[in-house]
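Everything quoted here is computed from the prediction, not taken from an experiment. Throughout, numbering of the chain's residues begins at 1 and tracks the sequence.
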Amino acid sequence: MKLTGQTWEFDTRPVLIGSAAVVGPDEGQGPLSPDFDYVYDNLEINEKTWEKAERRLLEQAAQLAVIKSGLDKEQIQFYVGGDLMNQIISSTFSARKLGVPYLGVFGACSTSMESLAISALMVDTGAAERVMAGTGSHNCTAEKQFRYPTEYGSQKPPTAQYTVTGAGCGVIAKGGQGQTGPRIARATIGRIMDLGVKDPFNMGAAMAPAAADTIAAHFRDTGLSPDYYDLIVTGDLASVGLPIAQELLEKEGYQMDETKFGDCGLMIYNREKQKAVLAGGSGCGCSAAVTYGHLVKRMLQRELHKVLVVATGSLHSPLSVQQGESIPCIAHAVALEMED
């Protein structure tokens, strides 16, 4: 592994040998539905509580990822995961069922790429040969914890986003012959960015500076330019944050129109038909489901060859918002590449 600035360049290029995405009914009505491994037709996910529903999504995504990797559960050496719940209980409880050594991480919605970057680092440095990364979220658990219970029926402004009900997991292993999955080429670890946004219903504006800062660091550290990638996709900036991030990057001299620049929160829903999603998707399950479902499948089909996923996270809590604090944010980037 080579470190330049904030970026890890992986010498062995660990491979994503299996991945899975499991989602709820709203996500199943979106344009990416065919790329998910399982779509539930009910928001309860056949459980008695929202928290158990979120846990079930993550457990099922983990089980499917292991099956698709061609390994047995006992061959997974470590599991790296996290979520939005207090004490990251969804990941912790799913790790209990998985039964492998566990590292719990928290980066809010950036957890999908944080866990993938750490897993790839472990494999690249020889600390492990097979590691699972994963995260998930549920619309109703996030509403209850960060805003108001769904049953309350609170009204939201158009800048608000809709937490994705979904989970995504991937199995990362040492590269070898016969492995055709995306290679993890490099990862850029973000800095905390806080430009003073205090509105918890405007996460796009809060997170956009962090996304732009990490993308700029990635280009600066690697010497690459936007046109190196077929697609650069942020985690959940949605309709408000994505144009802000693009403007900030262009001020730094990076022309994002040289590549396709998108956002998982805009890709996962059809905002014209699904009015309830407002500005677009968010949540740990947003970039996880899109990456481990849609993007990996597009790469395996050779429709995409080089993709930079920049997962964004808002690191506030209900307590910090109530005390009038501004919202610190972060973004982590992972580059996925298919070998020729």
Basic-acidic side-chain contact under 4.0 Å: Arg186, Glu9: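 Counted as a salt bridge, because a side-chain N and a carboxylate O are separated by less than 4.0 Å.
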Taking the basic N atoms (NZ, or NE/NH1/NH2) and the acidic carboxylate oxygens, is any pair closer than 4.0 Å for Arg55 and Glu51?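 Salt bridge absent between Arg55 and Glu51.
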Arg96 charged N/C atom sitting above Phe93 aromatic ring, 6.0 Å / 45°: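 Verdict for Phe93: a cation-pi partner in Arg96.
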Shared hydrophobic cluster for [X] and [Y] (ILVMFWY, side-chain gaps under 4.5 Å):
X      : Y      : result
Ile215 : Val233 : no
Val307 : Met338 : yes
Ile192 : Phe106 : yes
Met203 : Val309 : no
Ile17  : Val80  : no

Starting at [atom1] of [X], measure out to [atom2] of [Y] and round the result to the nearest 0.5 Å.
X      : Y      : atom1 : atom2 : value
Gln60  : Cys169 : CD    : SG    : 10.5 Å
Asn86  : Thr141 : CG    : OG1   : 10.5 Å
Ile268 : Asp26  : CD1   : CG    : 10.0 Å
Ile67  : Asp72  : CD1   : CG    : 10.0 Å

Judged by atom type as modelled, is there a donor-acceptor pair below 3.5 Å linking the side chain of [X] to the main-chain atoms of [Y]?
X      : Y      : value
Thr214 : Ala331 : yes
Lys198 : Gly324 : yes
Asp227 : Glu258 : no
Gln161 : Gly204 : yes
Asn202 : Thr159 : no
Asp221 : Gln6   : yes
Gln77  : Val131 : no
Ser91  : Gly82  : yes
His332 : Ile189 : no
Thr188 : Thr7   : no

Passes side chain to side chain contact (heavy atoms under 4.5 Å, CB included), Glu325 versus His316? Steps please. CA-CA 8 Å; Glu325 295 280 357; His316 71 287; over 6 Å; no
Do [X] and [Y] have side chains that get closer than 4.5 Å, going by heavy atoms?
X      : Y      : value
Leu295 : Met267 : yes
Thr312 : Asp236 : yes
Ile45  : Trp50  : no
Thr291 : Met113 : yes
His138 : Glu47  : no
Leu249 : Phe261 : yes
Met256 : Ile232 : yes
Ser287 : Thr234 : no

Between [X] and [Y], do the side chains contain an N or O donor and an N or O acceptor separated by less than 3.5 Å?
X      : Y      : result
Glu250 : Gln246 : yes
Thr165 : Asn139 : no
Asp83  : Ser137 : no

If you take all heavy atoms of [X] and [Y], which pair is closest and at what distance?
X      : Y      : result
Ile330 : Arg191 : CG1-O, 3.7 Å
Ala20  : Ala61  : CB-O, 3.5 Å
Ala133 : Tyr292 : CB-OH, 3.9 Å
Pro209 : Ala206 : CD-O, 3.4 Å
Asp35  : His294 : OD2-ND1, 2.6 Å
Leu84  : Ala108 : CD2-CA, 3.7 Å

Evaluate side chain to side chain contact (heavy atoms under 4.5 Å, CB included) for Thr4 paired with Thr222, printing each intermediate quantity in order. CA-CA 8 Å; Thr4 304; Thr222 62; over 6 Å; no
Ring centroid separation for His218 and Tyr228, is it under 6.0 angstrom?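 Aromatic pair excluded; centres sit 6.0 Å or further apart.
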Step-by-step side chain to side chain contact (heavy atoms under 4.5 Å, CB included) determination, Gln29 to Asn270: CA-CA 8 Å; Gln29 295 173 13; Asn270 183 332; over 6 Å; no
Could you tell me how the ring of Tyr162 sits relative to the ring of Tyr269: parallel (under 30°), tilted (30 to 60°) or perpendicular (over 60°)?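 Perpendicular, since the angle between the ring planes exceeds 60°.
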Determine the interplanar angle of the Tyr40 and Tyr38 rings, folded into 0 to 90°, and report it as parallel if under 30°, tilted if 30 to 60°, perpendicular if over 60°.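 Judged by the thresholds at 30° and 60°, the geometry between Tyr40 and Tyr38 is perpendicular.
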Dump the intermediate steps for side chain to side chain contact (heavy atoms under 4.5 Å, CB included) on Leu16 and Val171, then the final yes or no. CA-CA 6 Å; Leu16 191 60; Val171 177; 5.8 Å; no
The single option from Arg183, Arg13, Lys306 passing salt bridge (Lys or Arg N to Asp or Glu O under 4.0 Å) against Glu337: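 It is Arg13; the other options fail the test.
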Give a yes or no on this: more than 12 heavy atoms of other residues, nucleotides or ligands lie within 6.0 Å of atom NZ of Lys297.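 Yes, the 6.0 Å shell around NZ holds more than 12 heavy atoms from other groups.
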